[in-house]
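In what follows, a single structure is set out as structure tokens and then discussed.
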Amino acid sequence: MSKALVACFSASGVTAKLAKALASATDADLFEIKPVTPCTSMDKTSRSTIEMQDKSSRPEMAETLSSCAQYDTVFVGFPIWWYEAPHIIETFLESCDLSGKTVVPFATSGGSSMG
């Protein structure tokens with residue numbers, strides 16, 4: 001039987017709300033991707049802005065998923081920041097072996113499209 005995971009990062013709660021609805025609708029497990037240091041403001045001096053300017057930035061996750069092995073499909077949700085996924089999404093993706101899995105991205109945005 002196929003098993004799905006919904007993994008999401010949500011800075012304001014909007015993406016988390018969508019992820020919970022998706023997990024419920026698909027009978028999937030839910031994993032919240034959280035940074036060790038929570039995001040606060042989004043001004044020019046904020047940690048999140050500085051990380052987004054550094055393409056090699058990989059913010060540390062507060063906890064990791066023990067294994068992706070049991071999942072056939074992995075939904076990955078995030079808010080759009082500066083036309084792309086927050087770098088913690090890359091941290092998550094690099095922490096899981098997604099070989100042979102169907103990966104479905106979904107995103108929320110207050111104004112910018114997925115680049």
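Throughout, residue positions are numbered sequentially from 1 according to the sequence presented.
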Flag, side chain of [X] to backbone of [Y], donor-acceptor distance under 3.5 Å:
X	Y	answer
K34	F9	no
T26	L22	yes
T15	S10	no
S24	A21	no

Say you draw a straight line from [atom1] of [X] to [atom2] of [Y]; how long is it, rounded to the nearest 0.5 Å?
X	Y	atom1	atom2	answer
D97	C68	CG	SG	8.0 Å
S109	W81	OG	CH2	12.5 Å
C8	F106	SG	CZ	5.5 Å

Using the rule that two of Ile, Leu, Val, Met, Phe, Trp, Tyr join whenever any of their side-chain heavy atoms come within less than 4.5 Å, decide whether V14 and I33 are in one cluster.
no

Heavy-atom distance under 4.5 Å between the side chains of M61 and P35, does that happen here?
no

Should we count NZ of K20 as having more than 12 external heavy atoms under 6.0 Å?
no

For side chain to side chain contact (heavy atoms under 4.5 Å, CB included), just list the numbers for C96 and L65, CA-CA rounded to whole Å, side-chain angles, deciding distance to a tenth of an Å, and then say yes or no.
CA-CA 8 Å; C96 294; L65 186 65; 4.3 Å; yes

By side-chain contact (heavy atoms from CB on, under 4.5 Å) - contacts of E94 (at least two apart):
R58, E90

With sequence neighbours left out, what residues match L93 under side-chain contact (heavy atoms from CB on, under 4.5 Å)?
V76, I89, L98

Ion pair K3/D29, N-O distance below 4.0 Å:
yes

So V104 and T73, side chain to side chain contact (heavy atoms under 4.5 Å, CB included) or not? Walk me through it.
CA-CA 8 Å; V104 182; T73 303; 4.3 Å; yes

Of all residues at least two apart in sequence or in a different chain, which pass the side-chain hydrogen bond (donor to acceptor under 3.5 Å, both in side chains) check with S66?
none

Nearest heavy-atom neighbours spanning E60 and I88:
O-CD1, 4.1 Å

